[in-house]
Amino acid sequence: MKKYSIAVIKGDGIGPEIVDETIKVLDAAGKKFGFETEYKGCLMGGCAIDATGVPLPQETIDICKASDSVLLGAVGGEKWDTLPGHLRPEAGLLGIRAALGLFANLRPAKIFEPLVDASPIKREIIGDGLDIMVVRELTGGIYFGQRGRSEENGVKSAYDTEKYSVPEIERIVRVGFDLALKRSKRLCSVDKANVLESSRLWRETVLRISKEYPEVELSHMYVDNCAMQLVRNPAQFDVIVTSNIFGDILSDEASMISGSIGMLASASLATGSFGLYEPIHGSAPDIAGKGIANPLATILSAAMMLRYSFGENDAAVAVEAAVDRALREGRTPDIADLALPKLSTVEMGDLVVKNI
Ligand code: IPM
Ligand code: MG
């Protein structure tokens, strides 16, 4: 039987609760589709700071590298908010992206039919549904560029640098084109080429790579216009490819269209089939331990793992379909529907398992 090893980082806040439900779903999918999954837990974020003094222990990187993929819950919380930047839980997240070479972040903003009325966007704008894939560059740009502070004549300054090399742009743009080929063959590259030099290099590179993909219809959009268009007419988008910072912002915006940030999955991919999978919502410390967190974004991230890291497409489709059916039978409070039973985190996980 095929066997996949998964490094599991439950993290902080609601992380452990939502990851536990996801493991149940992965096990159920394995049973049905004939593969085995084995898990190895490791620490990152606040819990790692408490246990080891750093947000990303070397042991965690080693365990992840020795696995076929990584499942991550969420990191962060008030307790660690006052630590200096390099010791905050978020530094663990940025560190692991860099350490594992996870340069391509896929964030699907997809609306499940039963949730159309939960979206803040009107039904007539959403139309038959919505299925946008944001491809965000994840290991470059302003997140990893030079930064610093200075002081002159008593006036303090700080700076961060947006810098992209051609190879960095090429590899993420190819991910965008390859995905577009498998979907509706439309790609929108988002930049700020009317102002930023790094964006002008981005656009030149996109144009050059586009010659390798004559079947894909390419468009370019400035990021401010894209932010507006996502709300005005989201159905015009299929695959969006963009830089680290623009992708961070636009993917949060796109996620909201889908009804709840509690529904949005993500995959962070390295070259080859290795990837880290996590929900895009955070650790939600305000509801941690109450058993009410929505595990579906993590479960949908596991479906992406099945698809992108293991090539278990049938299992991935089955998990996504099980989520769709479960949404018609019950809901966690964040997506509550008066006509349906209100479920706990564990009950929601059980319902997905039942529907596989
Ligand atoms: C995300 C988050 C992170 C980011 C933070 C927590 C560092 O917002 O994954 O989108 O900005 O990349
Ligand atoms: Mg973000």
Side-chain angles (χ1 to χ4, degrees), residues 9-15 18-19 43-49 54-56 60 64 70-110 132-145 147 160-164 168 172 175 190 223 226-227 230 240-258 260-270 275-286 288 297-298 300-302 304-305:
I9 304 174
K10 293 187 179 181
D12 310 314
I14 60 171
I18 54 181
V19 168
L43 296 176
M44 191 176 96
C47 56
I49 296 170
V54 292
L56 179 60
T60 295
C64 291
V70 184
L71 178 65
L72 168 62
V75 296
E78 221 174 277
K79 182 177 169 196
W80 307 281
D81 273 352
T82 49
L83 291 169
H86 67 287
L87 284 179
R88 290 175 57 120
E90 291 82 358
L93 197 54
L94 298 182
I96 203 163
R97 289 172 182 170
L100 301 178
L102 305 169
F103 70 95
N105 185 212
L106 273 41
R107 297 188 163 187
K110 189 173 157 184
I132 301 174
M133 177 69 89
V134 178
V135 179
R136 167 188 178 194
E137 199 292 324
L138 202 60
T139 51
I142 200 164
Y143 274 64
F144 292 91
R147 63 182 103 252
D160 302 88
T161 318
E162 174 82 347
K163 182 176 176 187
Y164 270 111
E168 280 177 313
I172 190 68
V175 172
V190 175
V223 62
C226 182
L230 273 171
I240 292 177
V241 65
T242 191
S243 65
N244 204 340
I245 183 84
F246 295 161
D248 177 46
I249 298 165
L250 294 176
S251 63
D252 265 29
E253 187 188 359
S255 79
M256 203 54 226
I257 302 171
S258 73
S260 166
I261 197 162
M263 292 298 299
L264 266 285
S266 82
S268 303
L269 306 177
L276 176 148
Y277 300 83
E278 59 170 321
I280 84 156
H281 61 68
S283 57
D286 52 321
T298 320
L300 291 168
S301 302
M304 295 185 83
M305 176 189 293

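Basis for what follows: all heavy atoms, side chains included, without hydrogens, waters or symmetry-related copies. Since the model is a prediction, treat every value here as computed from it, not as a measurement. For ligands, and for the atoms within them, numbers begin at 1 and follow the listed sequence.
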**Q** With a cut-off of 2.8 Å, does D252 put an N/O/S atom close enough to the Mg ion (ligand 2)?
**A** no

**Q** Hey, mind stepping through Y164 and N244 against side chain to side chain contact (heavy atoms under 4.5 Å, CB included) and telling me if it holds?
**A** CA-CA 10 Å; Y164 270 111; N244 204 340; 3.5 Å; yes

**Q** If you measure only the distance, is there a donor-acceptor pair under 3.5 Å linking the side chains of Y143 and D248?
**A** yes

**Q** The test is side chain to side chain contact (heavy atoms under 4.5 Å, CB included); show your working for V135 and T242 and say whether it passes.
**A** CA-CA 6 Å; V135 179; T242 191; over 6 Å; no

**Q** Can you pull out the closest protein heavy atom to atom 10 (O) of ligand 1? Residue, atom name and distance to 0.1 Å, please.
**A** D248 OD1, 2.9 Å

**Q** Where is the nearest protein heavy atom to atom 4 (C) of ligand 1: which residue, which atom, and how far?
**A** Y143 OH, 3.4 Å

**Q** Would you say the side chain of R136 lies within less than 4.5 Å of the side chain of R107, judging by non-hydrogen atoms?
**A** yes

**Q** Below 4.0 angstrom from a heavy atom of R97, which ligand 1 atoms are there? Numbered from 1 as shown, please.
**A** 1 (C), 4 (C), 9 (O), 12 (O)

**Q** Restricting to N, O or S atoms of D248, which is nearest to the Mg ion (ligand 2)?
**A** OD1

**Q** With a cutoff of 4.0 Å, is R88 in contact with ligand 1, counting heavy atoms of the residue only?
**A** no

**Q** Do any N or O atoms from the side chain of S283 and from the backbone of G13 form a donor-acceptor pair under 3.5 angstrom?
**A** no

**Q** For ligand 1, find out whether one of its N or O atoms is nearer than 3.5 Å to an N or O atom of E90.
**A** no

**Q** Checking side chain to side chain contact (heavy atoms under 4.5 Å, CB included) for the pair V190/V134: CA distance, chi angles, key distance, verdict?
**A** CA-CA 10 Å; V190 175; V134 178; over 6 Å; no

**Q** With only distance considered, is D252 within less than 3.5 Å of ligand 1 through an N or O on each side?
**A** no

**Q** Answer yes or no for E278: is there a heavy-atom contact with ligand 1 below 4.0 Å?
**A** no

**Q** Could you check atom 1 (C) of ligand 1 against the protein and tell me its nearest heavy-atom contact, residue, atom and distance included?
**A** R107 NH2, 3.3 Å

**Q** State if R136 counts as touching ligand 1 under the rule of any non-hydrogen atom under 4.0 Å.
**A** yes

**Q** Is it true that a side-chain atom of E78 and a backbone atom of W80 form a donor plus acceptor pair closer than 3.5 Å?
**A** no

**Q** Tell me if a side-chain donor or acceptor on T161 pairs with a main-chain N or O of K163 at a distance below 3.5 Å.
**A** no

